[in-house]
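One structure is given below, encoded as structure tokens.
All of these numbers come straight from a predicted model, not from anything done at the bench.
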Amino acid sequence: WRYFCKSVSLTRERERANDDGAYFFPLVRSHAGSSKLMVHIPHSLYKDEGYRHREAMFGVPQYGGSISQNVFYAASDLCSSNSFDPTKGYPQRDVGKDGIMTNPFILMVDKGGCSFVSKVRNAQHSGAAAVLIANTDCICGDRDCHSEGIYCDSEEPSMADDGSGSDISIPAFLIFKQDADRLKEQLTQNVPVVAEMAWSLPTPSGERVQYDLWTVPTDVISRDFFLSARDMVIGLGDSVQFTPHMYLLNGTSNACQYNTNGERWCDRGCTNKGRYCALDPDHDVNRGISGADVVKESLRRVCIWNHYKDLGNNGLEWWSYVIEFTSRCDTPERFMDDRCVADAYRYSRVDDSIVDDCIKNSGGLEGDVPNAMLDEEVKQSQGIVVFPTLLVNNVELRGSLTLKNAFSAICAGFAMGAEPHVCQACSNCYSVDACLDMGGVCPGGAATASRGGGGVSRVTFVLSLLFVMGGFGALGYWYYKKSREEMRDRVRDILAEYMPLEDQEVTTGPEMGVGFAMQPEN
């Protein structure tokens with residue numbers, strides 16, 4: 001196991017040492033393309049089938065949507081945060097007083113100098129809506145590609161995440177050298193180029209969308225997704241078909257069954273005498289969670305799914321168990337604590353005897369014997385190079401695994417008009433989590449903006465307007481009543497001052513004096 005981990009580590013170090021920061025993987029599994037790259041202007045660059053490209057395994061693709069903007073070719077490698085100069089590059093375009101481009105744009109930059117993630121992150125900070133990375137090397141054996149150098153890529157490059165791409169929110173494509181050269185030829189002559197990056201999912205033959213998830217019990221990236229996805233599973237109901245997969249390593253092909261001079265190469269990383277292995281999550285083979293522990297928990301989850309998936313509850317017990325185990329037992333101290341596992345069984349209403357019988361009948365975890373269920377998981381894991389990996393309608397999704405991204409992609413996989421209620425109610429809701437938690441009711445009504453930003457729903461706006469109008473009406477009525485009361489009080493005061501003169505009698509007694517009575521009229 002130490003030998004295996006060391007060889008993987010050395011391989012990754014050599015990959016990271018490449019000056020272009022690219023990762024090259026033999027992608028055994030192939031899927032129908034979920035994206036398309038088109039060039040609409042100039043028409044001489046238009047292709048009916050679009051341009052060959054590779055999607056980045058980071059960023060947030062706009063599944064079910066597209067980005068169509070002018071392309072700007074950067075005059076720098078974008079390997080530093082201040083390397084982008086909007087006054088340079090092609091074609092020349094307007095720049096605001098603050099040095100920022102005034103219109104949205106797709107930024108095109110050459111491969112090389114740093115990792116893909118660094119380039120896209122710096123492009124995002126510069127205000128780009130998306131990124132096209134131009135491959136500067138031909139694929140070996142590609143006769144349509146011409147290069148001045150003698151170096152070529154032995155395999156098609158994969159735009160892998162270097163582990164720091166979770167903050168990237170814009171999509172990115174890698175385009176092949178021969179196509180990139182055609183675009184750069186037009187751009188360097190100041191010819192406007194308009195490209196469209198579109199994302200779609202194949203429509204299923206029936207009304208059910210299929211999605212598969214490859215992960216491991218110790219994966220921290222999918223942890224938040226599992227903890228929040230139960231409401232999505234309930235809301236989508238029978239309109240989807242979900243299949244979980246546990247990512248395992250084939251110990252036989254990695255020589256984990258053989259010893260040299262009495263040393264166990266794979267140590268505590270495998271079960272069944274080295275047949276089934278998993279990476280050590282805490283990178284310490286002497287303590288903490290071992291790879292063998294991960295294999296055992298993986299087999300538990302496979303057994304739970306195989307039993308409960310067909311009981312008419314969409315495998316909800318499996319989701320409940322994963323949530324309970326993740327919440328209670330996902331620590332080095334409690335991961336293999338039988339009491340903690342028993343609690344997860346009890347609170348998720350999973351019959352532990354069924355799981356134990358499944359583990360035993362499939363071949364168990366002891367001895368040099370095969371396990372039928374683990375053999376199937378190893379077979380299904382072939383070609384998966386990054387986990388967690390989510391496939392919708394057999395198309396691998398790119399970007400971070402979040403509830404909102406997964407839900408949007410699943411809803412985009414339905415045929416027009418076949419979407420379930422929660423897709424129609426929650427896809428454009430500002431808070432997808434809250435909408436799913438409320439059973440498909442968007443707080444405040446359907447949002448007017450589905451991507452980024454805030455957005456005020458029409459219902460909220462109308463209610464707010466009525467509330468404000470009602471407030472002004474109440475204030476006006478109060479002021480009217482108050483004014484009338486004040487007017488009545490003033491009238492009463494005036495009447496009270498003059499009314500006694502009408503009832504007063506004229507006297508000529510000694511009180512008034514004779515002189516007063518005999519005064520002449522004026």
Side-chain angles (χ1 to χ4, degrees), residues 60-61 63-64 166 201 208-247 297-298 300-302 304-330 344-345 347-350 384 386-414 419-443 450:
V60 182
Y63 288 104
S166 60
L201 296 175
R208 301 182 73 186
V209 168
Q210 300 177 359
Y211 69 107
D212 300 70
L213 177 63
W214 274 262
T215 184
V216 292
T218 53
D219 179 37
V220 296
I221 299 177
S222 57
R223 175 187 174 94
D224 292 339
F225 172 76
F226 281 126
L227 292 176
S228 59
R230 190 174 185 271
D231 292 328
M232 180 186 74
V233 176
I234 296 174
L236 291 172
D238 294 331
S239 61
V240 297
Q241 180 179 347
F242 169 68
T243 305
H245 301 275
M246 297 294 110
Y247 181 84
E297 175 58 24
S298 298
R300 281 199 199 103
R301 298 188 181 188
V302 172
I304 293 172
W305 175 257
N306 286 342
H307 177 76
Y308 288 98
K309 66 178 180 178
D310 297 324
L311 297 185
N313 203 19
N314 300 309
L316 197 60
E317 291 83 359
W318 183 89
W319 288 94
S320 298
Y321 171 79
V322 171
I323 292 173
E324 293 294 339
F325 184 90
T326 303
S327 303
R328 300 171 182 275
C329 312
D330 194 14
Y345 283 150
Y347 284 101
S348 60
R349 299 183 179 181
V350 169
I384 298 297
V386 176
F387 61 86
T389 293
L390 180 66
L391 270 66
V392 177
N393 292 343
N394 206 36
V395 172
E396 185 175 348
L397 268 66
R398 307 299 187 183
S400 56
L401 179 62
T402 63
L403 177 63
K404 185 172 184 178
N405 291 347
F407 180 73
S408 299
I410 292 171
C411 289
F414 287 97
E419 307 93 338
H421 167 70
V422 289
C423 286
Q424 299 173 1
C426 300
S427 291
N428 293 330
C429 187
Y430 178 66
S431 177
V432 173
D433 303 47
C435 183
L436 292 172
D437 184 56
M438 297 174 64
V441 178
C442 183
S450 61

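With R223 as the partner, the side chain to side chain donor-acceptor pair (under 3.5 Å) test is satisfied by one option alone out of T218, T215, D330: D330.
Between Y308 and L311 the shortest side-chain heavy-atom distance falls below 4.5 Å. Counting heavy atoms from C-beta on, the side chains of T402 and D224 never come closer than 4.5 Å. For the pair F225 and N405, the minimum side-chain heavy-atom distance is 4.5 Å or more. Here the side chains of Y345 and E324 are not in contact, with every heavy-atom distance at 4.5 Å or above. Within the 4.5 Å cutoff, no side-chain heavy atoms of T389 are placed close to those of L213. Between L390 and D212 the shortest side-chain heavy-atom distance does not fall below 4.5 Å. Put simply, the side chain of W305 does not reach to within 4.5 Å of the side chain of M246, judged on heavy atoms. Residues L436 and L403 meet the side-chain proximity criterion, which asks for heavy atoms closer than 4.5 Å.
Rounding to the nearest 0.5 Å places OG of S431 at 8.5 Å from NZ of K404. Between atom NZ of residue K309 and atom CH2 of residue W318 there is a gap of 12.5 Å, rounded to the nearest 0.5 Å.
Taking every heavy atom of both residues into account, M438 and P443 meet most closely at SD-CG, 3.7 Å. The two residues L227 and S327 make their nearest non-hydrogen contact at CD2-OG, 3.6 Å. In terms of heavy-atom proximity, S348 sits nearest to A344 at OG-O, 2.5 Å. Closest non-hydrogen pair, S222 versus D219, comes out as OG-OD2, 2.8 Å. C411 approaches E419 most closely through the heavy-atom pair O-CG, 4.2 Å. Of all the heavy atoms in C423 and L236, the pair that sits closest is SG-CD2, 4.0 Å.
Residue pairs meeting the salt bridge (Lys or Arg N to Asp or Glu O under 4.0 Å) criterion with at least one member in residues 228-240: none, sequence neighbours excluded.
When atom types are taken as modelled, the side chain of R208 and the backbone of S239 share no donor-acceptor pair closer than 3.5 angstrom. No donor-acceptor pair closer than 3.5 Å links the side chain of S427 to the backbone N or O of Q424. Without hydrogens or angle criteria, W319 side chain to F226 main chain gives no donor-acceptor distance under 3.5 Å.
In this structure, R349 fails the cation-pi test against Y321, since its NZ or CZ atom is not both closer than 6.0 Å to the six-membered ring centre and inside 45 degrees of the ring normal.
Per the SG-SG cut-off, C442 and C426 are not bridged by a disulfide [distance not under 2.5 Å].
Checked against side chain to side chain donor-acceptor pair (under 3.5 Å), S298 has no partners two or more places apart in sequence or in another chain. When the ring pair (Phe, Tyr, Trp, His ring centres under 6.0 Å) test is applied to Y211, the partners found at least two apart in sequence or on another chain are F242.
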